[in-house]
Undergrad: 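Input: one structure, supplied below.
In what follows, residues are counted from 1 in the order of the sequence shown. Whatever order the structure lists ligands and atoms in, that order sets their numbers, starting from 1. Side chains are part of it too, since the values below use all heavy atoms of this structure and drop only hydrogens, waters and symmetry mates.
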Amino acid sequence: GRYTKEDIIRMVEEEGVEFIRLQFTDMFGQLKNVAITSSQLDKALSNKCMFDGSSIDGFVRIEESDMYLIPDYETFEVFPWRPQQGKVARVICDIYRPNQEPFEGDPRYILRRAIEDAAKDGYTFNVGPECEFFLFHTDDDGQPTTISHERAGYFDLGPIDLGENTRRDMVLSLEDMGFEIEASHHEVAPAQHEIDFKYEEAMHAADNIMTFKLTVKTIAKRHGMYATFMPKPKYGIAGSGMHINMSLFKDGKNIFENQSDELGLSKEAYYFIGGLIKHIKGMTAITNPLVNSYKRLVPGFEAPNHIAWSSVNRSPLIRIPASRGASTRVELRCPDPAANPYLCLAVCLEAGLDGIRNKIEPPAPVNENVYEMSDEELERRGIEYLPENLLLAVRELEKDEFIKGVLGSHISQKYITAKKTEWMEYREQVTKWEVDEYLYKY
Ligand code: ADP
Ligand code: MG
Ligand code: MG
């Protein structure tokens with residue numbers, strides 16, 4: 001491991017850390033934490049910190065509410081944006097029941113289980129996410145808006161790119177927390193940005209996504225702005241995605257590459273794609289968790305809405321980027337940053353493994369523009385649509401026993417129920433579009 005308990009206690013003393021946040025993520029991808037003072041650190045690091053699980057969405061009933069926070073020493077980090085006096089640090093925790101069993105409602109446990117499953121075949125799952133977000137103004141009461149006066153586009157720079165300074169500060173803070181930032185740039189839509197960091201082993205990558213979102217929001221606030229990872233905050237412009245780049249390594253080597261293959265891909269890579277395509281409908285409620293997620297998955301904004309893969313096209317659901325060697329990877333392009341990263345990576349990994357273990361051949365690649373194909377042609381080629389709204393996605397999840405198994409019965413039941421409620425609430429709303437469209441006609 002990176003740190004021992006003694007290392008952490010020493011670092012807290014040396015750096016003058018006064019508060020330590022014990023963090024975890026709930027089923028819906030919300031970061032939660034309990035702050036302790038450094039005097040409680042020894043107790044916390046000895047796995048003696050408890051909290052009331054019944055007050056966390058989707059966790060447990062009142063009768064079984066005691067939960068233990070088990071700090072993962074590897075994740076200790078001092079927040080760089082806090083004052084030099086009285087610093088704040090965090091450590092990410094696993095959640096255990098009082099009987100010392102991991103809690104099956106903890107998303108980190110679901111990912112750990114999938115990682116251990118892959119390890120049985122000697123695989124390490126590496127993941128590089130590409131997270132997009134918007135920077136908006138707040139109103140006079142400090143509430144977030146969807147307003148921006150910025151009009152820059154893809155790869156533009158200052159002074160048109162008003163978010164440039166904010167983004168640079170984000171990059172520096174992330175680097176202070178150990179991120180290796182590969183690129184950062186203005187995205188296609190006004191006020192939209194992307195910061196890419198280097199791929200890591202899946203658990204580290206999922207932790208990084210949570211840390212990334214917290215950092216981006218914190219630094220934006222310091223600059224008087226509001227950062228949002230809402231998938232489609234505005235009609236008519238691109239939404240925010242979180243492309244997931246994936247590869248499997250064995251004995252330190254990327255096993256997705258095979259130089260003698262026409263596309264440079266191994267059998268395992270093709271089967272991994274086959275597994276993703278087989279399960280993608282059942283996974284969509286996890287990769288695209290909100291009513292709003294499905295407003296991003298529409299034609300015209302580089303987001304996928306058909307189930308297809310390609311090594312030449314940039315816009316299909318699954319893309320094989322051109323780089324080979326250690327960078328040979330499969331890129332899944334439907335996920336958005338509202339997804340719970342632990343659950344998202346768990347279902348991606350297991351779907352891919354299912355492909356490898358059962359030798360699931362992918363369909364033929366689709367190198368033409370799917371958006372220009374007629375319904376007859378799509379049907380002839382067997383190209384299906386992704387679920388078109390949250391309800392359809394949840395129904396697909398209900399049908400996919402394999403994906404439900406990956407999530408475990410606790411999470412799949414609670415998740416399905418919560419997402420149906422979310423849909424029902426939405427469905428009752430009378431939207432501005434309807435009033436504009438129908439009121440004067442009928
Ligand atoms: P693109 O523009 O092609 O969509 P980017 O260059 O923006 O992709 O992002 C590439 C992401 O893929 C980075 O996070 C990078 O670290 C990651 N990546 C590179 N090699 C691998 C690999 N072998 N496995 C997983 N992710 C990888
Ligand atoms: Mg992008
Ligand atoms: Mg990409």
Undergrad: What atoms of ligand 1 come within less than 4.0 Å of a heavy atom belonging to N245?
TA: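 Within the 4.0 Å cut-off of N245, ligand 1 contributes 10 (C), 11 (C), 12 (O), 25 (C), 26 (N).
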Undergrad: Would you check if there is a donor-acceptor pair between the side chains of D176 and S173 at a distance under 3.5 Å?
TA: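 No, because no side-chain N or O of S173 sits under 3.5 Å from a partner of the opposite role on D176.
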Undergrad: Of C131, S247, S327, A202, which has the heavy atom at the shortest distance from atom 24 (N) of ligand 1?
TA: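 Looking at heavy atoms only, the winner is S247.
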Undergrad: Identify, with sequence neighbours excluded, every residue that meets salt bridge (Lys or Arg N to Asp or Glu O under 4.0 Å) alongside K295.
TA: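 Not a single residue meets the salt bridge (Lys or Arg N to Asp or Glu O under 4.0 Å) criterion with K295.
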Undergrad: Please work out whether the ring planes of F212 and F133 are parallel, tilted or perpendicular, with thresholds of 30° and 60°.
TA: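 Geometry flag for F133 against F212: perpendicular rings.
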Undergrad: Under 3.5 Å, is there a donor on one side chain and an acceptor on the other for N208 and E200?
TA: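 N208 vs E200: no donor-acceptor pair found between side chains.
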Undergrad: Give the numbers and elements of all ligand 1 atoms closer than 4.0 Å to a heavy atom of K198.
TA: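 The list of qualifying atoms is 16 (O).
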Undergrad: Any N or O on H243 sitting closer than 3.5 Å to an N or O of ligand 1?
TA: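 Between H243 and ligand 1, no N or O pair is found under 3.5 Å apart.
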Undergrad: Is it the case that over 12 heavy atoms from other parts of the model lie below 6.0 angstrom from the CZ atom of F301?
TA: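 Yes - once you tally the heavy atoms of other residues, nucleotides and ligands closer than 6.0 Å, there are more than 12.
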Undergrad: By atom name, which N, O or S atom belonging to H243 lies closest to the Mg ion (ligand 3)?
TA: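 Minimum-distance N/O/S atom of H243 relative to the Mg ion (ligand 3) is ND1.
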Undergrad: Would you mind running through ligand 1 and noting each atom that sits below 4.0 Å from a heavy atom of T328?
TA: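 Here the atoms of ligand 1 in question are 23 (N).
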Undergrad: Does any N/O atom on F197 come nearer than 3.5 Å to any N/O atom on ligand 1?
TA: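 For ligand 1, there is an N or O atom that lies under 3.5 Å from one belonging to F197.
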Undergrad: Within ligand 1, which atoms have a heavy atom of N254 less than 4.0 Å away?
TA: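 Answer, ordered by atom number: 23 (N).
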Undergrad: So F272 and F125, would you call those rings parallel, tilted or perpendicular, with 30° and 60° as cut-offs?
TA: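 Ring orientation, 0 to 90° scale: tilted.
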Undergrad: Going by the atom numbers of ligand 1, which of them fall below 4.0 Å from some non-hydrogen atom of E182?
TA: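 Atoms satisfying the 4.0 Å criterion: 13 (C), 14 (O), 15 (C), 16 (O).
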Undergrad: For the backbone of F76 and the side chain of R2, can you confirm whether one donor and one acceptor N or O come within less than 3.5 Å of each other?
TA: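 Confirmed, R2 side chain pairs with F76 backbone.
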Undergrad: Any donor-acceptor pair under 3.5 Å linking the side-chain atoms of R90 with those of T211?
TA: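 A donor-acceptor contact under 3.5 Å links the two side chains.
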Undergrad: Would you indicate which of H185, E331, R319 comes nearest to atom 1 (P) of ligand 1 when only heavy atoms are counted?
TA: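 Result: the heavy atom closest to atom 1 (P) of ligand 1 is in R319.
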Undergrad: Check if F256 has a non-hydrogen atom at a distance under 4.0 Å from any atom of ligand 1.
TA: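 Outside the 4.0 Å threshold, so no.
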Undergrad: Can you check whether A326 has an N/O within less than 3.5 Å of an N/O in ligand 1?
TA: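 Among all N and O atoms of A326, at least one is under 3.5 Å from an N or O of ligand 1.
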Undergrad: For atom 21 (C) of ligand 1, tell me which residue out of Y199, F249, F125 has the closest non-hydrogen atom.
TA: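 Of the listed residues, Y199 has the closest heavy atom.
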Undergrad: Before signing off on this row, confirm whether D196 and ligand 1 have an N or O atom pair separated by under 3.5 Å.
TA: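 Looking only at distances, the answer is yes, because the N/O contact criterion of under 3.5 Å is met.
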Undergrad: With a 3.5 Å distance limit and no angle check, can you tell me whether R333 reaches the backbone of E302 through a side-chain donor-acceptor pair?
TA: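 Confirmed, R333 side chain pairs with E302 backbone.
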Undergrad: Quick check: of its N, O or S atoms, which one does E331 have closest to the Mg ion (ligand 3)?
TA: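 Restricting E331 to its N, O and S atoms, the minimum distance to the Mg ion (ligand 3) goes to OE2.
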Undergrad: Does NZ or CZ of K232 fall inside the cone over Y235's six-membered ring, less than 6.0 Å from its centre and within 45° of the axis?
TA: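 That pair does not qualify as a cation-pi contact.
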